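All ligand and atom numbering here is 1-based and tracks the order in the structure. Everything numeric here is computed off the predicted structure, so don't read it as measured data.
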Amino acid sequence: MLSVCVPIYNEEESIPVLYEKVREVLCRLNQEWEIILINDGSIDGSATILDRLAQKDSRVKVVHFRRNYGQTAAMMAGIDYANGDVIIPIDADLQNDPEDIPKLLAKLDEGYDICSGWRKNRKDNGLRRNLPSQIANWIISKISGVQLHDYGCSLKAYKKDVIKEIKLYGEMHRFIPIYASWYGAKVTEIPVTHYPRKYGQSKYGLERVVKVILDLAVVKFLDRYAQKPMYIFGGAGMLSLLLSGLAAVWALYLKFFENTTFVQTPLPLMFVFTALTGVICLLMGLLAELIMRTYHESQKKDVYLVKETRNIKPDSHGYSDPVDRSS
Ligand code: UDP
Ligand code: MG
């Protein structure tokens with residue numbers, strides 16, 4: 001079964017057109033399907049239009065949010081409510097072309113777990129949207145090690161089992177392929193068609209690039225260090241203490257061999273600041289380790305993800321010892 005998920009915030013003109021197009025494409029596929037429309041607190045006529053669609057067609061599922069939570073939350077709800085084993089998010093604004101859905105599915109049939117759309121000919125404002133996004137995409141692929149041209153493209157296809165464990169915050173829906181790939185999913189991309197926005201207006205501006213980069217830092221941190229926060233805090237702390245030692249030695253050398261007193265250089269100041277920073281970092285690392293243990297142990301979270309098992313009953317696993325087995 002296919003689940004197409006559409007986040008909607010004030011898209012009243014687009015919804016009926018989108019529904020018709022998606023329905024037409026899905027009916028051609030000879031598979032069961034559903035469309036999940038998430039109304040992210042729209043304040044135009046979107047809600048009524050959605051309810052009317054749901055009344056007409058039982059394959060249309062509608063989730064109304066109480067207020068506007070943002071596209072990522074809407075996406076998360078789409079994934080949570082989806083019954084399909086393949087999930088396809090698509091924007092409501094008709095900038096993506098539903099005709100690309102079969103091409104994405106063909107890639108999943110080839111054995112990939114995720115196929116991302118790549119808006120090769122992107123039809124948004126060049127300077128304000130495309131350029132910053134190209135730079136962001138480049139940084140993201142460098143830092144994440146997952147090679148994609150266009151993380152921000154909503155139109156993607158996911159096999160449900162590789163993303164059901166993933167929790168999304170902030171602007172993080174674009175990082176799903178990265179998370180999944182870190183957990184062993186096979187990721188690929190294909191170029192998709194992109195159209196200029198016809199109705200309504202974009203909900204975003206330049207400020208999103210900053211959020212995306214900050215989210216990337218969080219994602220990277222959570223993946224690489226969440227189980228061993230001491231490595232990152234402790235690493236920074238040790239570096240700081242090293243600088244502190246160097247400053248001290250240098251200051252003493254200047255005093256005794258070059259006749260430069262302590263007050264003539266900034267070195268003693270550096271010594272004090274870096275020593276303090278170092279100690280604080282190490283203590284924060286210990287705190288973070290405590291928090292991490294509370295997190296894993298209180299929620300019985302495993303430090304690993306199992307792909308599948310043989311001859312093991314689903315809940316014979318029970319409580320897992322939260323020792324770090326990854327390092
Ligand atoms: N959207 C949403 N909640 C928000 C902002 C946007 O559900 O708070 C939806 C919006 O209705 C659209 C999709 O997310 O279906 C992408 O938004 P937009 O087209 O504004 O982004 P852009 O294509 O300009 O990056
Ligand atoms: Mg758009």
Is the backbone of Ile79 close enough, under 3.5 Å, to the side chain of Lys160 for a donor and an acceptor to pair up by distance?
yes
Using atom types as modelled and distance alone, determine if a side-chain donor or acceptor of Asp93 lies under 3.5 Å from a backbone N or O of Ser202.
no
Tell me the residues surrounding ligand 1, counting only those with a heavy atom closer than 4.0 angstrom, sorted by chain and number.
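Heavy-atom contacts below 4.0 Å: Pro7, Ile8, Tyr9, Glu11, Asp40, Asn68, Gly70, Gln71, Asp91, Ala92, Asp93, Gln95, Arg129, Arg197, Ser202, Lys203, Tyr204, Arg208.
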Ring-plane angle category for Tyr183 and Tyr179, please: parallel below 30°, perpendicular beyond 60°, tilted otherwise.
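Rings of Tyr183 and Tyr179: parallel, under 30°.
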With a distance cut-off below 6.0 Å to the six-membered ring centre and an angular limit of 45° from the axis, does Lys186 pair with Tyr112 as a cation-pi contact?
yes
Can you see whether Tyr199 has Arg197 sitting over its ring - NZ or CZ less than 6.0 Å from the centre and within 45° of the normal?
no
When the aromatic ring centroids of Phe257 and Tyr253 are compared, is their separation below 6.0 Å?
yes
For the Mg ion (ligand 2), protein N, O or S atoms at a distance below 2.8 Å amount to 2
Distance-minimising heavy-atom pair for Ala157 and Leu104:
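Reported closest heavy-atom pair: CB-CB, 3.8 Å.
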Lys156 vs His173, test: side chain to side chain contact (heavy atoms under 4.5 Å, CB included). Steps then yes/no.
CA-CA 11 Å; Lys156 293 180 160 77; His173 60 269; over 6 Å; no
Looking only at side-chain N and O atoms, does Asp91 offer a donor or acceptor that is under 3.5 Å from a partner on Ser154?
yes
